[in-house]
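One structure is given below, encoded as structure tokens.
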Amino acid sequence: MAATFKGGFHVHDHKDLTNTKRTKTLPDCDVHIYPLRQHIGAPLSPLVKPGDHVDVGQKIADSDQFVSAPVHSSVSGTVTKIEPYYHDSGTMTEAIFVENDKKYTVAQTVRPRDYKKLLDKDLLSAVREAGIVGMGGAGFPTHVKLSPKTKVDYVILNCAECEPYITADHRAMLEEPDKMIIGLKIAMRILDLTDGHIGVELNKPDAIAALKSSPEYNEHIHIVPLKVKYPQGAEKQLIKAVTGRRVKAGALPADAGAVVINGSTAVAIAKAVEDGMPLIERNLTVSGDAVKEPSNFHVRTGVPISFVIENAGGFIAKPEKVISGGPMMGIAQYNTDYPVVKTTSSVLALLHAPKIFDPDAPCIRCGKCVQHCPMQLMPFKLRQASVKNDVDMAMKYNATECIECGLCSYICPANKNILQYIRMIKPEVLKKQREGAK
Ligand code: SF4
Ligand code: SF4
């Protein structure tokens with residue numbers, strides 16, 4: 001029987017638009033734009049200035065803080081300006097613009113290595129120096145994840161890819177299974193573990209077969225088939241499914257003895273450590289019914305998303321909604337000028353918004369949001385708390401435990417945008433908790 005967690009729901013996934021198509025590469029793009037914010041943690045400072053020449057893989061921004069991740073140029077060329085620019089978070093963020101000379105001269109710092117001969121501490125430092133972050137969307141620096149305060153028992157590759165439409169990790173499993181397993185083995189070395197796990201939803205049997213056929217696969221790599229259910233790829237839900245352990249309220253995965261790494265992030269780890277190449281490229285899904293040729297692309301960071309969409313044939317008609325990420329947790333965009341960053345897993349263009357919410361419709365008390373919430377919360381109560389701006393009530397119903405998966409809003413027959421209300425009250429609850437802790 002496939003492993004899973006309590007709650008959740010199988011949402012229509014639309015993955016057949018792209019999951020059988022080989023990942024394509026893009027033609028040269030004239031200008032690459034590198035936002036300084038591509039991770040969770042301390043802000044970066046530029047290491048270059050306008051007029052400087054940069055090479056592929058050259059570090060162009062960094063911070064001396066531990067919870068941070070440097071940014072590297074994905075092309076060779078000239079820095080033309082550093083100024084605020086669009087970011088897929090919806091804000092303007094300081095960004096470094098590089099005019100691509102189209103020679104792709106690789107920086108001298110990029111040197112292949114035999115990872116088996118490196119010391120564990122050097123492996124960790126290679127991950128840090130390569131600017132690797134969680135590529136599933138969260139952007140948490142991977143070297144921080146790989147430095148838990150206490151010894152963990154599990155490292156799990158998250159290959160669930162449960163968000164509808166997105167197939168970038170699926171294609172990575174099919175096209176780069178060796179690199180993915182090498183990335184896992186490097187993480188196992190750093191964490192001093194003899195075994196590693198890979199959680200894959202059962203709707204990807206070809207990916208499971210590709211991983212098992214890899215020469216890197218052995219008896220210490222455990223592929224765990226997961227039930228096809230959203231949000232199977234959420235960290236806490238994946239840990240429960242693979243290990244049976246529960247991450248307690250307010251705790252981190254490492255507190256439950258587990259570290260979770262996205263599958264594409266593992267590929268990036270292998271490339272960083274083996275090839276010496278920092279995180280400067282990623283797989284990205286372009287999909288939705290407004291896209292002429294839904295596809296997966298292998299993309300160098302910094303490319304404007306409009307350029308990627310153009311190479312997928314453009315739009316067949318004006319989309320009603322463009323989303324960076326998946327339809328459940330992604331961020332709606334007001335333009336397509338924003339550049340691809342390390343965490344851009346997909347762009348969706350939809351002719352019709354996935355759901356029209358009705359703020360005035362009454363809750364019919366059907367209980368569906370409670371039944372399916374993967375965190376066993378009472379979403380309708382959290383919504384009520386937010387409407388009343390009642391922070392104590394939101395605390396009582398554990399607002400901060402909400403993982404913002406959006407399932408309650410998706411499933412609600414009264415079309416209440418429950419998550420939007422939870423997002424409004426959550427910062428107030430966190431503030432009160434912080435004040436209480438002082
Ligand atoms: S968004 Fe939050 S409250 Fe709603 S189903 Fe997901 S975890 Fe539960
Ligand atoms: S799913 Fe919607 S209608 Fe049903 S209890 Fe939850 S908020 Fe109310």
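Computed from a prediction, not measured in an experiment: that's the story for all the values here. Counting convention: from 1, in listed order, for ligands and their atoms alike.
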Proximal ligand 1 atoms for Pro379, defined as those under 4.0 Å from one of its heavy atoms: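 It comes down to these atoms of ligand 1: 3 (S).
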Against heavy atoms of Pro374, which atoms of ligand 1 measure under 4.0 Å?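 This gives 5 (S) as the contact atoms.
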If you compare all heavy atoms of Gln237 against all heavy atoms of Ile403, which two are closest, and at what distance to 0.1 Å?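 Closest approach of Gln237 to Ile403, heavy atoms only: OE1-CD1, 3.5 Å.
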Looking at atom 2 (Fe) of ligand 2, is one of the N, O or S atoms of Cys412 less than 2.8 Å from it?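 Checking atom 2 (Fe) of ligand 2 against Cys412, an N, O or S atom does fall under 2.8 Å.
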Examine [X] together with [Y] and report whether their ring centres are nearer than 6.0 Å.
{"X": "His14", "Y": "Tyr165", "result": "yes"}
{"X": "His197", "Y": "Tyr154", "result": "yes"}
{"X": "His372", "Y": "Tyr410", "result": "no"}

Answer with side chain, backbone, both or neither: which part of [X] has a heavy atom less than 4.0 angstrom from an atom of ligand 1?
{"X": "Glu404", "result": "backbone"}
{"X": "Ile422", "result": "side chain"}
{"X": "Ser409", "result": "neither"}

Where is the nearest protein heavy atom to [atom]: which residue, which atom, and how far?
{"atom": "atom 3 (S) of ligand 2", "value": "Ile364 N, 3.4 Å"}
{"atom": "atom 6 (Fe) of ligand 1", "value": "Cys405 SG, 2.4 Å"}
{"atom": "atom 5 (S) of ligand 2", "value": "Gly367 N, 3.3 Å"}
{"atom": "atom 8 (Fe) of ligand 2", "value": "Cys363 SG, 2.3 Å"}
{"atom": "atom 2 (Fe) of ligand 1", "value": "Cys402 SG, 2.3 Å"}
{"atom": "atom 1 (S) of ligand 1", "value": "Gly406 N, 3.3 Å"}
{"atom": "atom 4 (Fe) of ligand 1", "value": "Cys408 SG, 2.3 Å"}

Minimum side-chain heavy-atom gap Leu351-Glu320 below 4.5 Å: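 Side-chain contact under 4.5 Å: no.
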May I ask you to test the Leu226-Leu202 pair for a side-chain heavy-atom distance under 4.5 Å?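 No, too far: nothing below the 4.5 Å cut-off.
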So, 2.8 Å as the limit: is an N/O/S atom of Cys373 located closer than that to atom 2 (Fe) of ligand 1?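 No, since none of the N, O or S atoms of Cys373 sits under 2.8 Å from atom 2 (Fe) of ligand 1.
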Please classify the Ile418 to ligand 2 contact at 4.0 Å (heavy-atom distances, strictly less than): side chain, backbone, both or neither.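 Side chain only; the backbone of Ile418 stays clear of ligand 2.
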Short N-O contact, [X] and [Y], less than 4.0 angstrom:
{"X": "Glu404", "Y": "Arg423", "result": "yes"}
{"X": "Lys432", "Y": "Asp392", "result": "yes"}
{"X": "Lys236", "Y": "Glu401", "result": "yes"}

Taking 4.0 angstrom as the limit and counting only heavy atoms of [X], give me the atoms of ligand 2 inside it, by number and element.
{"X": "Phe380", "result": "6 (Fe), 7 (S)"}
{"X": "Pro413", "result": "1 (S)"}
{"X": "Arg365", "result": "5 (S), 8 (Fe)"}

Run through Lys179, Met173, Arg171 and flag the one making a side-chain contact (heavy atoms from CB on, under 4.5 Å) with Glu175.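 Answer to the side-chain contact (heavy atoms from CB on, under 4.5 Å) test with Glu175 among Lys179, Met173, Arg171: Arg171.
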My understanding is that only one of Thr285, Thr23, Asn19 makes a side-chain hydrogen bond (donor to acceptor under 3.5 Å, both in side chains) with Asn296; could you say which?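 That would be Thr285; it is the only one of Thr285, Thr23, Asn19 passing the side-chain hydrogen bond (donor to acceptor under 3.5 Å, both in side chains) with Asn296.
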So is Ile403 close enough to ligand 1, meaning a heavy atom under 4.0 angstrom away?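 Yes, Ile403 has heavy atoms under 4.0 Å from ligand 1.
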NZ/Lys292: more than 12 non-hydrogen atoms of other groups inside 6.0 Å: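 Counting neighbours around NZ of Lys292, 12 or fewer heavy atoms of other residues, nucleotides or ligands fall under 6.0 Å, so no.
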